[in-house]
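Working notes, structure below.
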Amino acid sequence: MNPLLQPHSIELLTRIDPVLSSPLLGVAASLSELVRPLLAHSALVIFTEDCTGRPQKKAGDHFITDRVSIAELDALRASMPEGSTPLWLADATIGSETRPVAAWLAGTGALLVLTDPEPGPESEPAEASGRPGTVADGGPENGPARSIAVIGQLWELVAAGIRRQVAAAPPAYLFDSRAASAERARVIADLTDAHATTLESLLAVLRARDASAEAARQNAIDVTAQAMVRLRAVSDRDRSLSEEPVAQAFERLRDDLRPLVRFGDLDVQFIEPPLNGRALPGEVAHAGRAIVRGAVLALIDQEGVGRVRVQWDCDGSNLLIRVRDDGPGDLTTDVPSVSRLAGRVAALSGSLEVEATAGWGSEMVVTLPLDAPVAALAPAAEWGLSPREQGVLELVASGARNRAIAEVLLISENTVKFHVANLLRKVGASTRAELASLAR
């Protein structure tokens, strides 16, 4: 019998609506409350690449949720069995410690993790749960099979709901996502620079010709070099979560609009962006696709529209979107569907214009800045900064790393580090992220 058709499971389905309707920032807490009667747990962690600003959504023990990392979740996802088979009581590093987990991978690629799972009051009797294993033939080896199967099917629904919410890109979410992405980028840059500087210093000492114990020195060099590679890999992984190549983002848009072409009489023409365009921040890519979908639906809602042309371009600073129809040419920004699109565009500090020519059609022109607006910096005189220090401060506040700052200002990385150290001292900040925050 399908686990979801069990009497208690049918009642569970009636309680899933609050989870599916939860805002993205509250979905983890809602899902944790829903599944706790089936499997008790110390923390619940969601990892989804659909959400660029906040790929992790967490609820439960703050000792775990505050420390869990994307690298840990990536490693756990890589250890998952092929297909949709979940893990039960597998040991995994979550929150910097090894602990038992149950984990499910949805068809969307989103990962759900419960730490320290135990059968809850609505699970099978205690003697039905057993030793670690993976789910096979409907359940884990001697584990609470029905509860795990039910949670797996619930997770498929919730993961699909997360993807739909992100695709809809409401203005409040876009604003929060952009702020979170910018803050995460600053923190990652700060950590990467700090660790890289430490490792580079270690390598310099270990490579000194007058060092003794050659074998120990070589071993230390290898360990340090590997640590630098892992550090860069973590930084690159975080960047891949928060950015989409412009061509890849446009291809996903084409897939989104395919049903309109396949099942309707609409002729949709696509003008592809340059392949080497700048990568789009995730929230801009998501918003761009949602805006185009909304624009196409608004245009074809008019009488006599049979053809729509969609064009994306990137000038290095903005995503440029043009959507044109062959309709009556009387569309205005007062149309409710267009007004809703304007709200999404405004959330990303962009602009939307409608150009209509009677008898020739209407065109929506959207400009979305790729970078969040930089708030005005505090005056240099307030901290007694030199012109050079003010220049470095502006770049630090924008999230630039030492290497990028050195390239812009045509100075060495060591000189940049010297200026950053002086800025931290003068401003009274302890980290680059704090320095950037105080500067604004």
Between [X] (side chain only) and [Y] (backbone N and O only), is there a donor and an acceptor less than 3.5 Å apart?
{"X": "Ser349", "Y": "Leu368", "value": "no"}
{"X": "Thr85", "Y": "Pro81", "value": "no"}
{"X": "Ser30", "Y": "Val27", "value": "no"}
{"X": "Arg99", "Y": "Ile94", "value": "yes"}
{"X": "Glu72", "Y": "Ser69", "value": "yes"}
{"X": "Gln269", "Y": "Val308", "value": "no"}
{"X": "Asp116", "Y": "Ser42", "value": "no"}
{"X": "Asp325", "Y": "Gly361", "value": "no"}
{"X": "Trp312", "Y": "Val246", "value": "no"}
{"X": "Arg36", "Y": "His41", "value": "yes"}

Work out which heavy atom in [X] is nearest to a heavy atom in [Y]; give both atom names and the distance.
{"X": "Ala92", "Y": "Val101", "result": "CB-CG2, 4.0 Å"}
{"X": "Leu20", "Y": "Leu157", "result": "CD2-O, 3.7 Å"}
{"X": "Ala159", "Y": "Ala110", "result": "CB-CB, 4.1 Å"}

Find out whether [X] and [Y] are in side-chain contact, i.e. whether some heavy atom of one side chain is under 4.5 Å from a heavy atom of the other.
{"X": "Leu297", "Y": "Asp301", "result": "no"}
{"X": "Val338", "Y": "Thr332", "result": "no"}
{"X": "Thr367", "Y": "Glu353", "result": "no"}

Can you tell me how far apart [atom1] ([X]) and [atom2] ([Y]) are? Round to the nearest 0.5 Å.
{"X": "Glu272", "Y": "Phe250", "atom1": "CD", "atom2": "CZ", "answer": "6.0 Å"}
{"X": "Lys417", "Y": "Ile411", "atom1": "NZ", "atom2": "CD1", "answer": "12.0 Å"}
{"X": "Trp104", "Y": "Leu87", "atom1": "CH2", "atom2": "CG", "answer": "9.5 Å"}
{"X": "Arg289", "Y": "Ile321", "atom1": "CZ", "atom2": "CD1", "answer": "10.5 Å"}

(request) Inspect the contact between Asp255 and Arg252 and indicate whether a charged nitrogen and a carboxylate oxygen are less than 4.0 angstrom apart. (result)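 Salt bridge flag = no for Asp255 with Arg252.
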(message) Quick test of your reading of the model: are Arg254 and Glu251 salt-bridged, counting only N-O distances below 4.0 Å?
(response) yes
(request) Please confirm whether Arg67 makes a cation-pi placement over Phe63, using NZ or CZ under 6.0 Å from the six-membered ring centre and within 45° of the ring normal. (result) yes
(request) Decide if atom CD of Glu97 counts as having more than 12 heavy atoms of other residues, nucleotides or ligands within a radius under 6.0 Å. (result)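 Yes, the 6.0 Å shell around CD holds more than 12 heavy atoms from other groups.
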(message) Is it true that, when you exclude Glu156 itself, more than 12 heavy atoms of the residues, nucleotides or ligands shown sit nearer than 6.0 Å to its CD?
(response) yes
(request) Any chance you could lay out the side chain to side chain contact (heavy atoms under 4.5 Å, CB included) test for Met364 and Arg322, step after step, and finish with the verdict? (result) CA-CA 6 Å; Met364 290 192 201; Arg322 289 180 175 270; over 6 Å; no
(message) Please evaluate residues Leu299 and Val296 with respect to the criterion side chain to side chain contact (heavy atoms under 4.5 Å, CB included), reporting the C-alpha separation (whole Å), side-chain torsions for both, the decisive distance (0.1 Å), and the verdict.
(response) CA-CA 5 Å; Leu299 292 174; Val296 170; 5.7 Å; no
(request) Apply the side chain to side chain contact (heavy atoms under 4.5 Å, CB included) test between Leu44 and each candidate in Thr65, Leu39, Val113, Leu112; give the one that qualifies. (result) Leu112
